[in-house]
Amino acid sequence: MSTPLIIGSVAYTPNVVTIWEGMRDYFAGGPAEMDFVLYSNYGRQVDALLAGHIDIAWNTNLAWVRTVAQTGGECRALAQRDTDTVFQTIFVARAGSALGGLEGLKGRRLALGSQDSAQAAILPVHYLRQAGLTSGGDGGGDVELLRINSDVGKHGDTGRSELDALRAVVEDRADAAALGVNTWEAIGRDELMPGAFEVFWESPTYSHCNFTALPTLDDERVAPWVAQLLAMDFDNPAHRPILEMEGLRQWVLPKLDGYASLFEAVEEQGISPRW
Amino acid sequence: MVNPLLVLDLVERTGALPVGGTTTVPLGEVAREHETELVALWCERNGNELVGVRDGVATVRRGRSPDPFAELAPDQVPGTRLWIYTNFDCNLACDYCCVRSSPQAARRAVGADKVAQLADEAADAGVSELILTGGEPFLLPDLDDLVAACTARLPTTLLTNAMLFRGRRLQMLQRMHRDRLVLQVSLDSATPELHDRHRGARSWERAVAGIRIAQAEGFRVRVAATLEPERFTELEPFRAFLDTLGIARGDQVIRALAHRGVAESGLELTLESLIPEITVTADGVYWHPVSADHDDHLVTRELFPLRDAIDEVRRRFVEIRARADAAAQWFPCA
Ligand code: SF4
């Protein structure tokens with residue numbers, strides 16, 4: 001048996017255990033076996049990667065950006081989900097608000113998710129800025145921000161802060177909310193509850209999670225692991241439940257230019273490279 | 001309009017669950033029907049399952065419930081076997097008879113025509129084996145015709161106490177199809193005492209003689225014993241005796257006494273605890289042969305089309321398993 005690669009992942013739902021046990025079984029007996037370690041937050045996981053406790057980290061986009069910052073750009077992205085290459089932030093308001101675009105937010109209140117959520121906080125502020133809008137809490141700037149910091153440390157993975165942002169819209173504590181496209185899908189877009197919410201702006205697509213490794217990880221160990229990962233098949237009944245739980249149809253090679261907007265946002269907003 | 005907070009709660013609560021786990025969301029009083037529909041649609045869209053709504057509270061499972069049929073051995077899948085109670089009268093009056101048969105019991109025969117139609121429809125519906133039981137089927141004057149209609153369509157097992165293989169009844173046996181028919185004879189012990197205590201004086205001796213006659217006539221004989229659960233620890237002498245009778249180990253069926261019919265004790269059987277074995281009597285279609293005389297296990301009074309009855313049993317089985325799963329989620333022990 002080869003020495004297994006140790007993959008780190010953040011335990012943001014109990015299903016993470018099922019997913020990674022399934023992944024471990026899938027790789028068992030192959031040329032690149034793996035095991036996994038779970039962390040309670042991405043800060044702890046990235047520290048563990050840098051300290052050499054794990055070989056590969058299943059990182060969010062913010063965790064990737066922070067790992068790049070801490071390794072001087074030396075770390076490598078190995079693969080991601082097909083859904084990670086086309087992630088989006090969706091801006092929604094109460095149906096009938098007719099905000100017409102980001103400019104419509106001028107003088108209004110925007111609810112954001114956790115401060116460390118790229119999709120629901122960091123990138124939305126970046127998009128406002130690109131649209132020429134200033135923003136801040138308590139009426140400072142063109143757009144008043146209502147920040148909802150739940151589950152900080154998990155980079156928005158639980159989606160809880162985004163649901164709270166939507167609740168703020170329903171209860172008229174905010175005029176609009178920014179959320180990840182996965183949360184928008186989870187509530188059934190505007191199809192399940194017509195008359196509840198409407199989208200007034202969708203961001204360009206960007207990259208979300210990836211498997212991150214340090215350059216010290218031997219390519220002879222990585223290459224067969226990535227090859228076997230990419231070979232997981234949605235049409236194979238043994239693979240499908242894991243892929244469905246993890247929210248993808250196909251593992252793909254990383255789309256690195258999809259991180260450009262987040263690198264800019266982190267720089268503009270002075271977000272620290274650690275934690 | 002329904003309350004959008006309901007869907008936000010659903011997303012949050014199911015998101016925190018492991019796959020298979022359940023959670024509840026309260027529904028509003030005013031738009032309850034609408035909200036139930038919304039929860040069902042949301043579940044459908046997201047690959048989850050609405051387990052049920054009770055007292056204004058919806059229970060939702062993360063992911064879909066496991067296929068209850070996949071957990072069963074192939075021959076246990078409801079609709080694989082069809083049991084038919086040909087009649088309810090019997091030459092014996094065993095003290096644990098689960099369907100209260102006796103010489104005084106009304107015959108309640110299904111009749112040769114209906115048995116033939118059942119055999120036809122069963123074969124068309126994918127049933128792979130017919131099992132004829134009673135009462136004592138050999139009390140029927142036309143049993144050979146009835147058995148022929150069954151064996152012409154499917155492999156068949158005929159349950160009997162084997163005590164009537166004489167004269168005209170022996171001739172009926174001799175006319176039956178040896179390759180397509182297995183005889184299953186009731187015998188409860190290696191010596192007469194216990195068997196006779198429940199089934200009547202000299203019944204053991206006559207059953208053993210009947211087994212020998214059937215074997216001599218070239219039939220495969222299976223023996224089925226009905227035992228109090230506590231006797232399951234002392235089976236070996238009984239099995240050794242059946243070996244001497246030439247009954248293959250695979251044809252030695254030992255089952256527990258059920259608290260049904262005239263039995264004063266035995267296993268308590270409920271719809272929930274029994275894997276259904278679709279059973280037809282003159283009075284209707286029942287959940288399981290052990291409770292074919294009990295209205296609490298009646299599925300439908302309509303024998304035909306048989307396929308509808310099979311579908312109904314399968315539907316109820318899925319529903320019962322889903323309820324049991326949900327109950328297990330509600331009452332974790334640790
Ligand atoms: S148990 Fe069988 S043999 Fe005994 S009375 Fe009932 S039907 Fe007849």
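Naming convention: chains lettered A, B, ... in sequence-line order (proteins, then strands); numbering from 1 in each chain.
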Inset, instruction - Could you check B:Leu41 against A:Leu192 for side chain to side chain contact (heavy atoms under 4.5 Å, CB included), going step by step and ending with a plain yes or no? - result: CA-CA 8 Å; B:Leu41 281 172; A:Leu192 197 58; 3.6 Å; yes

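- In this structure, B:Val11 and A:Arg160 have side chains that are not in contact, with every pair of non-hydrogen atoms separated by 4.5 Å or more.
- In this structure, OG in A:Ser161 is found 10.0 Å from CD in B:Glu12, a value given to the nearest 0.5 Å.
- Shown here are the side chain to side chain contact (heavy atoms under 4.5 Å, CB included) partners of A:Ala120, two or more places apart in sequence or in another chain: A:Ser117, A:Glu162.
- Heavy atoms closer than 4.5 Å to chain B are found nowhere in A:Tyr12, neither backbone nor side chain.
- Between B:Leu5 and A:Glu171, some side-chain heavy-atom pair lies under the 4.5 Å cut-off.
- No more than 12 heavy atoms of other residues, nucleotides or ligands lie within 6.0 Å of NE2 in B:His34, so this atom counts as exposed by the packing criterion.
- In terms of heavy atoms, B:Pro18 sits closest to A:Pro14 at N-CG, 3.6 Å.
- B:Leu10 does not touch chain A: none of its heavy atoms, backbone or side chain, sits under 4.5 Å away.
- Of all residues in residues 178-191 of chain A, those placing a non-hydrogen atom less than 4.5 angstrom from a non-hydrogen atom of chain B are A:Glu185, A:Ala186, A:Ile187, A:Gly188, A:Arg189, A:Glu191.
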Inset, instruction - Just do the side chain to side chain contact (heavy atoms under 4.5 Å, CB included) check on B:Leu6 and A:Met193 with the steps written out, would you? - result: CA-CA 10 Å; B:Leu6 173 67; A:Met193 299 179 286; over 6 Å; no

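- More than 12 heavy atoms of other shown residues, nucleotides or ligands fall within 6.0 angstrom of atom CD in A:Glu21.
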